[in-house]
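To keep things clear, I will list the structure first and then write my remarks on it.
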Amino acid sequence: MNPQPAPDTRTDYRLGRESRHLTRSVMRELLKKASAPGVISLAGGLPDTRLLPADQYRECLDAVLTRDGGAALQYRPMHEPLREWIASMMQARGVRCDAGQVFITNGNQQGLSILSRLFLDPDEAAVTEAITFTGIQQATAGRGARMLLAPTDLATGVDVDALETLFAEHQPRLAVLVPDFHNPLGVSISADKRQRIAAIAARYQVPVIEDDPYSALRFSGRPTPPIKAYDEAGWVFYLGSFSKMLAPGLRMGWMIVPDDLLPRVTALRESLDLETSTLTQRAVAEFVARGSLEPHLERLNASNRARCAAMLDALDKHFGGWATWTQPEGGLFVWVTLPAGIDTTAQLADVIDRLGVAYVPGGAFAVDGRSHRNTLRLNFSAVAPDDIRKGIARLASHFRPLAG
Ligand SMILES: Cc1ncc(COP(=O)(O)O)c(C=O)c1O
C-alpha cells in the first residue's frame, strides 16, 4: 500500500498564483516552539497579557450592549464616533484628514493586504526594507512581486538615497516602510528622512505605505510626526492599528484613504471580508471616549521602559565588546548583531532545548531569505525583568564561545 502523501506535497491541487508563494508561516512555527513550558521566550511580539485591560474592556462591551442592544450586533456602516476620534488623533499628530477619510480595518495586516491588491500586480516591482516584518513580506513577495530592497541605518532608519535610486530606476508600484520602532529592528525613521520620503513619493509617484502599529508605544525621546504629516500630494498611505496600543485580539485598525479612492478600497475590502465587527468598533469607541486609553498606554509604556532598560543593561553586561544592538525609544524589540559567521537560525533549536531561551533568528526577517544570519530579534515587553536578565546571560553563554 502506498503511504498517503503529506498534505503540503500533494500535487493534484491546481493552486492559484498567489498561494504558490505563500507556502507556510515561518513566524507561527517559530512561536509554537518558543511557547513550550519553562522556556524564557524573548521571541514574542506581544504586550504582556496581564497588562491588557480586560476589566475595562468588559465594562465598555456591557455599556455598548446595554445602550445599543441588537444594533451593536448588526452589519453596520463604519462607526462614525470612532472615525472622528481617529481623525482628531491623526490631526493632533500633524496629518490633514477628516473622519470621512478614515477607513476602519481589521488591523494593519489587512490594510497591507488591501493596499497591495490596490496597487500591485504579481511580477511588478515592490520596495521594502531588506529586513522587515514578515507580514510585509507576505503582502509583497508573497503576492509574487519583484522585490527591490533598501538597506536600513540602525540609528536613523531606512536609507533614503537608496530608496530614491530604486524609485527613479524601477518605478515600483509601491513601497512599504515602518516609521516608528521598526519590527524587527527597533529603530525609528528620523524626521528629516520622513520629509524626504514624502517628497520622493510625490516626485516619482510611488505610493508609500506607512505601516505604523507602534508609534503609541513610545517610552522615551520625543515623538516625530508620521511621514503622512509631510505628504502634500497624496502619495503616502498611513496604516494605524489598535493591536499594540490596546489589544491585538480586537483585530482593529484604520487607514487614511484619499476621498477618490474610498469607493474602490471599500469594494476591494469586501472581497476579503465585509466589515470590521460592529461590536468591537463601538466598544473601542467607548473605551477611548471614557479616557481609558491614555492611562492604559502609560502603564504599558512604563512596563516596557523598565523591561527594555533591563534588556539593554544585560546586553551591556554580557554582550558588550563583541556584539552590537539597537537602542529603541519604544516599541517591543531590540535587534542584536553578532560577529559574522555565527548562524542564529542553525543555533535556535539547541538554545531552546539546552538553555530554555527562545529568540527569533534575524534571518527570518531577511527578504532575500539568506542574509543577516548572524542577527537576532529580542522582545522585551512580554517577559519579567528577572527572566530577561537570565535569558540574556544564557544567550551570551551560548554565543560568546562561537564568536572566536
Ligand atoms: C510592522 C507591523 N505591521 C503590521 C503588523 C500587524 O498588525 P495588526 O495586528 O494591526 O494586523 C505588525 C504586527 O506585529 C507589525 O509588526
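Values below: every heavy atom of this structure, side chains too, minus hydrogens, waters and symmetry copies. Note that ligands are numbered from 1 as they come in the structure, with each ligand's atoms numbered from 1 the same way. The structure presented is a predicted model; accordingly, all values stated were derived computationally and were not measured.
Within 4.0 Å of ligand 1, heavy atoms belong to protein residues G107, N108, Q109, F133, V178, N183, D211, P213, Y214, S241, S243, K244, R251.
The closest donor-acceptor contact from the side chain of S41 to the backbone of A43 lies under 3.5 Å. Under the 3.5 Å distance criterion, the side-chain polar atoms of Q91 are matched with a main-chain donor or acceptor of C97.
Taking the ring centre of F119 as origin, the terminal cationic atom of R173 falls outside the region bounded by 6.0 Å and 45° from the ring axis.
The salt bridge (Lys or Arg N to Asp or Glu O under 4.0 Å) search around D55 returns R58, not counting sequence neighbours.
In this model, no donor atom of one side chain and acceptor atom of the other lie less than 3.5 Å apart for N304 and R299.
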request  = Dump the intermediate steps for salt bridge (charged side-chain N to carboxylate O under 4.0 Å, His left out) on D212 and R93, then the final yes or no.
outcome  = CA-CA 13 Å; D212 182 25; R93 297 183 63 206; 3.5 Å; yes
